[in-house]
K.L.:
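Below: one structure in structure tokens.
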Amino acid sequence: MPYGFSVGGGYTFTDADAETMSFDKKAQTYTTQTTPVDKSVRHVGNVQATWDKSWNSYHLNVAINGHMQGKRYSSTYGYAKSYNQWDLHTRHTFTLRSCTIEPGIGLENVFNQRDTTPWNSNFSTINPGRTLYASFRMTY
């Protein structure tokens, strides 16, 4: 895309079933029970958008990533709620005479999505909430 923008995304559809066969001794017949595959998610999507711009010896990269997920099935606990998570990251590159310095800062889980389902349940995510982080890299 023009002006330093780029976008991307992906989608996964899973329609898998698990079949459990059991034998009924009284009727002397087999019965089959069909359920979704344990820990499976039918719909999962992700999107990404980035922007890159350079000014002389300075380069800026800004990225936003999104992950959307439908309900997750558990044979023990049933369905967990669907959820989404958005992350924002920046990287700043300074090119000096003999080295390159790259500080970064980011915010994971921008909208503070958490699963507050009671303990011993099927959780959609175990993310504890919004996280701010910083990084630093120097190369010679």
Side-chain angles (χ1 to χ4, degrees):
M1 294 183 66
Y3 307 109
F5 287 99
S6 65
V7 294
Y11 172 75
T12 303
F13 174 74
T14 305
D15 189 17
D17 289 329
E19 290 185 353
T20 306
M21 187 177 287
S22 58
F23 183 70
D24 183 353
K25 291 181 182 178
K26 199 177 222 181
Q28 292 292 307
T29 59
Y30 286 97
T31 58
T32 303
Q33 179 183 7
T34 303
T35 60
V37 173
D38 195 37
K39 307 296 186 273
S40 65
V41 179
R42 186 170 281 226
H43 304 280
V44 177
N46 62 63
V47 294
Q48 171 196 5
T50 60
W51 181 62
D52 282 297
K53 179 72 175 171
S54 292
W55 296 272
N56 298 325
S57 62
Y58 172 70
H59 180 84
L60 173 64
N61 174 271
V62 179
I64 186 162
N65 301 307
H67 174 85
M68 290 77 55
Q69 176 174 308
K71 298 185 290 186
R72 185 173 71 115
Y73 178 75
S74 166
S75 61
T76 307
Y77 301 110
Y79 283 95
K81 298 182 268 183
S82 59
Y83 85 98
N84 65 76
Q85 179 176 320
W86 293 86
D87 305 327
L88 176 66
H89 311 278
T90 66
R91 187 177 64 232
H92 311 268
T93 305
F94 300 93
T95 306
L96 306 174
R97 288 186 188 124
S98 62
C99 69
T100 302
I101 299 172
E102 288 187 357
I105 189 165
L107 188 61
E108 290 185 348
N109 198 356
V110 173
F111 301 111
N112 202 25
Q113 295 286 352
R114 297 178 296 149
D115 189 346
T116 57
T117 306
W119 180 252
N120 207 20
S121 300
N122 187 13
F123 295 102
S124 58
T125 179
I126 58 171
N127 190 305
R130 186 178 301 127
T131 305
L132 177 67
Y133 71 90
S135 65
F136 183 79
R137 179 177 126 164
M138 180 184 283
T139 56
Y140 292 97

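Side chains are part of it too, since the values below use all heavy atoms of this structure and drop only hydrogens, waters and symmetry mates. Index from 1, following the sequence.
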K.L.:
Are the side chains of H59 and S54 in contact, using a 4.5 Å heavy-atom criterion?
P.N.:
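Yes. Closest side-chain heavy atoms under 4.5 Å.
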
K.L.:
Between the main-chain N or O of I105 and the side-chain N or O of T90, is there a donor-acceptor pair closer than 3.5 Å?
P.N.:
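A pair under 3.5 Å: yes.
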
K.L.:
Hey, is the main chain of Y3 close enough, under 3.5 Å, to the side chain of W51 for a donor-acceptor pair?
P.N.:
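Pair found, side chain donor or acceptor close to backbone of Y3.
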
K.L.:
Are side-chain heavy atoms of F23 and Q28 found at a separation under 4.5 Å?
P.N.:
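Yes, their side chains come closer than 4.5 Å.
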
K.L.:
Would you say L88 and L60 are hydrophobically clustered, going by side-chain heavy atoms of ILVMFWY under 4.5 Å?
P.N.:
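L88 and L60: one cluster.
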
K.L.:
Among N65, L107, T50, exactly one meets side chain to side chain contact (heavy atoms under 4.5 Å, CB included) together with H89. Which residue is that?
P.N.:
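Exactly one candidate clears the test, N65.
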
K.L.:
Please report the C-alpha distance between K39 and Y73 in whole Å, then the side-chain angles of each, then the deciding distance to 0.1 Å, and finally whether the side-chain contact (heavy atoms from CB on, under 4.5 Å) criterion is met.
P.N.:
CA-CA 5 Å; K39 307 296 186 273; Y73 178 75; over 6 Å; no

K.L.:
When clusters are formed by joining ILVMFWY residues with side-chain heavy atoms under 4.5 Å apart, either directly or through shared neighbours, do V62 and V7 land in the same one?
P.N.:
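Per the 4.5 Å side-chain linkage, V62 and V7 are co-clustered.
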
K.L.:
Have S57 and T95 got a donor and an acceptor in their side chains that come within less than 3.5 Å?
P.N.:
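Side chains of S57 and T95: no pair found under 3.5 Å.
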
K.L.:
Under the criterion side-chain contact (heavy atoms from CB on, under 4.5 Å), I'd like the reasoning laid out for E102 against T139: C-alpha separation, chi angles, the key distance, then a yes or no.
P.N.:
CA-CA 9 Å; E102 288 187 357; T139 56; over 6 Å; no

K.L.:
Go through the steps for Q33 and T31 under the test side-chain contact (heavy atoms from CB on, under 4.5 Å), then give the verdict.
P.N.:
CA-CA 7 Å; Q33 179 183 7; T31 58; over 6 Å; no

K.L.:
State the NZ-CG distance between K81 and D115, to the nearest 0.5 angstrom.
P.N.:
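K81 atom NZ to D115 atom CG measures 4.5 Å (nearest 0.5 Å).
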
K.L.:
Quick check: does any side chain N or O of R130 sit under 3.5 Å from a backbone N or O of V110, one acting as donor and the other as acceptor?
P.N.:
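Yes: the side chain of R130 pairs with the backbone of V110.
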
K.L.:
Determine whether F13 and V37 fall in the same hydrophobic cluster, where Ile, Leu, Val, Met, Phe, Trp and Tyr are linked whenever their side-chain heavy atoms lie under 4.5 Å apart.
P.N.:
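Different hydrophobic clusters.
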
K.L.:
Distance from T32 atom OG1 to D17 atom CG, nearest 0.5 Å?
P.N.:
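T32 atom OG1 to D17 atom CG measures 12.0 Å (nearest 0.5 Å).
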
K.L.:
Would you please classify the geometry between the Y83 ring and the H67 ring as parallel, tilted or perpendicular, with 30° and 60° separating the classes?
P.N.:
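It falls in the tilted class, 30° to 60°.
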
K.L.:
Please answer whether the main-chain N or O of G10 pairs with a side-chain N or O of N46 as donor and acceptor at a distance below 3.5 Å.
P.N.:
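Yes; at least one donor-acceptor contact below 3.5 Å.
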
K.L.:
Taking side chain as C-beta onward, heavy atoms only, is Q113 less than 4.5 Å from T125?
P.N.:
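Contact flag for Q113/T125 side chains = no.
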
K.L.:
How far does CZ of F5 sit from NZ of K53, to the nearest 0.5 angstrom?
P.N.:
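NZ of K53 is found 10.0 Å from CZ of F5.
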
K.L.:
Between D15 and R42, is there a side-chain heavy-atom distance shorter than 4.5 Å?
P.N.:
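Touching, per the 4.5 Å side-chain cut-off.
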
K.L.:
Just checking, any donor-acceptor pair under 3.5 angstrom between side chains of S75 and D38?
P.N.:
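Side-chain D/A pair, S75 to D38: present.
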
K.L.:
Should we count OH of Y133 as having more than 12 external heavy atoms under 6.0 Å?
P.N.:
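Correct, the count exceeds 12.
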
K.L.:
About how many Å separate CE of M68 and CH2 of W86, when rounded to the nearest 0.5 Å?
P.N.:
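One finds 5.0 Å between CH2 of W86 and CE of M68.
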
K.L.:
NE2/H43 to NZ/K71 distance, rounded to the nearest 0.5 angstrom?
P.N.:
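So the gap between those two atoms works out to 9.5 Å.
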
K.L.:
Checking side-chain contact (heavy atoms from CB on, under 4.5 Å) for the pair L96/I101: CA distance, chi angles, key distance, verdict?
P.N.:
CA-CA 8 Å; L96 306 174; I101 299 172; 3.6 Å; yes

K.L.:
Is it the case that the side chain of T14 and the backbone of A16 share a donor-acceptor pair, with hydrogens and angles ignored and the cut-off at 3.5 Å?
P.N.:
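The answer is no, because no donor-acceptor pair under 3.5 Å joins these two groups.
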
K.L.:
Look only at the side chain of D24 and the backbone of T29, and say whether a donor-acceptor pair between them is shorter than 3.5 Å.
P.N.:
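Such a contact is absent between D24 side chain and T29 backbone.
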
K.L.:
Could you tell me the separation between the CD1 atom of I64 and the CG atom of D87, rounded to the nearest 0.5 Å?
P.N.:
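Atom-to-atom, I64:CD1 and D87:CG are 8.5 Å apart.
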
